[in-house]
Amino acid sequence: MTNPASIADTDHNALADLLMNHGLDNPSDNIDDLTSNNSNYATLTDALEQTVFESFDDGLYIGMMSGTSLDGMDAVLCQFNPEMSNEDNTQPPMQLLATYSQDFPPRLREVLLALCQPNGVNQLVPEADEPNSELDWFGWASRAYAEFASEVVNTLLQQLNTDPESVLAIGCHGQTVRHRPQMGFTLQLVDANIIAERTGISVVSDFRRRDMAVGGQGAPLVPAFHQALFANPDSTRVLLNLGGIANITVLLASEEIQVVGYDTGPANLLLDAWTALHTDNSYDASGAWAQSGTLIEPLLQQLLAHPFFAQSHPKSTGREDFNLTWLQGELQAFEQANANISYSAADVQATLTELTAISSSTQINTFISHSKNSSVYVCGGGALNDYLMTRLQAHLPHCTVKTTEHLGLAPTWVEAVAFAWLARQTLMGETGNLPAVTGANKGVVLGQVCFA
């Protein structure tokens, strides 16, 4: 819903500037007219909804996403139907007009991975004119990330020969390099000012911290979008996102659809890291390498003993909890306790695949095991892992496991579209978080806007 407090607290001059930017010739007079006792509008909130926010309803939006896997940056150009929440509406809720994905420049990816680990930049060897401290590296990467994001946006627009002026906003999540909900903070790395300047398009970023300010985990944020686009009152739908981290959105069938969502554990983050360490590939295509291995059951049980899996939701996690260093430490402890067990690197990959399948399906089964009309739809890069999909189906006997392609949106683009939608919510003054999901004490308008 619209957040009246955020508007009511805006001073008169700021509102005048805002209204002038949207085509009102005499903003001060207009504000006075709109808020006078003779006005047809009951509040300033109502007035602004009729002037500023309404125009953000059905324009073009760009969404961008680079997840925990750090395998590249995805960007989409899309248009939302203003009546997408109206069940009687026959128009598609969203049109995906163009997509583009690009791998990170190697040096930027190396630095981002280092920043994701506490003191990880100590392992970097600075090249000429590069930083030599963690805070300086953060600034360097924020700028480099924004320059790269700008290139991705401009390439996306060139595909359809789209004028930047026709795009209302870019929703850019940035790169999470530290997520500490237990400490009340999260850090997403991006300089939105550069993107706005290089593209000529306003940018909405920094989505998570407003949710944290009202007691939330700051994640996951995508469930609100899942509810808007995929909810069905006649069936329970579970959206399983298999990015670097796995998270679920449970859309419980009811007259007023109830939503549950949280992170369930690691996914591509560990699978990709182990693959890159032991093969010439950056990921396990279709899960073929994992399928060639044999499950190490006692290792699986040891990994499942990580305290995150026993936490109740709402909860979120990231590279701070699950990373290659953690895995190598677990393997060392396993070998010390099980000297008689030999295994191959492929066996570890099979075990990591099972870790993702079991940790996510165990949570899903608590919501659908007794439901006769329920489905699981998978998105994210993990949806392309055939072996992982097979293992998920084996652990989810009460329903069929499909990708979001069956709901009309390819699994690789769901999160990028979600951040386009979140940018739209912000510009319209609508809430973007779900307190039942993040643990926040109220719904709030997310993000900060950098106007072009």
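We use all heavy atoms of the structure for the numbers below, so side chains are in, but hydrogens, waters and symmetry mates are not.
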Is it the case that the side chain of Q393 and the backbone of C399 share a donor-acceptor pair, with hydrogens and angles ignored and the cut-off at 3.5 Å?
yes
Derivation and outcome, side-chain hydrogen bond (donor to acceptor under 3.5 Å, both in side chains), residues S142 and D191
CA-CA 5 Å; S142 295; D191 188 340; over 6 Å; no
F230 ring center within less than 6.0 Å of Y377 ring center:
no
Would the number of heavy atoms belonging to other residues, nucleotides or ligands and lying under 6.0 Å from CD of E197 be above 12?
no
Given V76 and I62, is the side-chain contact (heavy atoms from CB on, under 4.5 Å) satisfied, shown in steps?
CA-CA 5 Å; V76 297; I62 289 175; 6.0 Å; no
Test item: V222 and N241 side chains (from C-beta on) under 4.5 Å apart, heavy atoms:
no
OG1 of T199 to CD of E151: how many Å apart, nearest 0.5 Å?
12.5 Å
For Q158 and Y100, test the side chains for any donor-to-acceptor distance below 3.5 angstrom and give the result as yes or no.
no
Would you indicate whether the side-chain heavy atoms of N81 and M94 approach each other to under 4.5 Å?
no
Flag for E297-Q301: side-chain donor and acceptor within less than 3.5 Å:
yes
Do Y262 and Q363 pair up side chain to side chain, a donor and an acceptor below 3.5 Å, judged on atom types alone?
yes
Using side-chain contact (heavy atoms from CB on, under 4.5 Å), reason through F138 and V177 one step at a time and then give a plain yes or no.
CA-CA 9 Å; F138 185 94; V177 293; 3.7 Å; yes
Check against side-chain contact (heavy atoms from CB on, under 4.5 Å), T403 and M389:
CA-CA 9 Å; T403 74; M389 293 288 285; 3.9 Å; yes
State whether the number of non-hydrogen atoms from other residues, nucleotides or ligands found under 6.0 Å of R178 atom CZ is greater than 12.
yes
Is there a donor in the side chain of S316 and an acceptor in the side chain of Q217, or the other way round, less than 3.5 Å apart?
yes
Would you please indicate yes or no on a ring centroid separation below 6.0 angstrom for F322 and H306?
yes
To the nearest 0.5 Å, atom CG of L271 lies from atom OG1 of T356 at 5.0 Å
Exactly one of F207, Y61, W413, F225 clears ring-ring contact (aromatic ring centres under 6.0 Å, His included) with F419, and that residue is F207
If you define the side chain from C-beta out and look only at heavy atoms, does anything of L60 sit under 4.5 Å from L77?
yes
We want to know whether T275 and Q349 form a side-chain donor-acceptor pair, criterion being a heavy-atom distance below 3.5 angstrom.
yes
Taking only residues at least two apart or on different chains, which pairs with a member in residues 232-253 satisfy ring pair (Phe, Tyr, Trp, His ring centres under 6.0 Å)?
none
Anything under 3.5 Å between a donor and an acceptor, one on a side chain of residues 434-447, the other on a protein residue two or more places apart or in another chain? List them.
from : atom 1 : to   : atom 2 : distance (Å)
T438 : OG1    : D211 : OD1    : 2.7
T438 : OG1    : D211 : OD2    : 3.2
T438 : OG1    : A440 : N      : 3.3
N441 : ND2    : V214 : O      : 3.0

Under the side-chain contact (heavy atoms from CB on, under 4.5 Å) rule, what do V348 and W274 come out as? Steps first, then yes or no, please.
CA-CA 8 Å; V348 174; W274 189 252; 3.5 Å; yes
Applying the side-chain hydrogen bond (donor to acceptor under 3.5 Å, both in side chains) criterion to D206, which one of R209, R210, R208 satisfies it?
R209
Does the side chain of L97 come within less than 4.5 Å of L160's, by heavy atoms?
yes
Side chains of L251 and T236: closer than 4.5 Å at any heavy-atom pair?
no
Whether the H395 and E354 side chains hold a donor-acceptor pair (N or O, under 3.5 Å, no angle test) is what I'd like checked.
yes
More than 12 heavy atoms of other residues, nucleotides or ligands under 6.0 Å from CZ of F148: is that the case?
yes
Atom pair CD1 (I194) and CD (E147), whose distance is rounded to the nearest 0.5 Å
5.0 Å
How long is the gap from CZ on F451 to CD1 on I201, to the nearest 0.5 Å?
14.0 Å
Can you say whether the rings of H278 and W289 are parallel (under 30°), tilted (30 to 60°) or perpendicular (over 60°)?
tilted
Have S374 and H398 got a donor and an acceptor in their side chains that come within less than 3.5 Å?
no
Donor-acceptor pair, R237 side chain versus N232 backbone, under 3.5 Å?
no
Kindly indicate whether the side chain of F308, heavy atoms from C-beta on, has any atom under 4.5 Å from the side chain of D263.
yes
D347 versus S344, side-chain donor and acceptor atoms under 3.5 Å
yes
List the atom pairs, with distances to 0.1 Å, where a side-chain N or O of residues 110-121 and a protein N or O form a donor-acceptor pair under 3.5 Å, not counting sequence neighbours.
from : atom 1 : to   : atom 2 : distance (Å)
E110 : OE1    : R107 : NH1    : 2.8
Q117 : OE1    : N323 : ND2    : 3.4

Hydrogens and angles aside, do Q188 and T186 bring a side-chain donor and acceptor to less than 3.5 Å of each other?
yes
Rounded distance [0.5 Å steps], CG in N433 versus CE in M212
12.5 Å
Answer with yes or no whether the side chains of Y343 and T294 bring together a donor and an acceptor at under 3.5 Å.
no
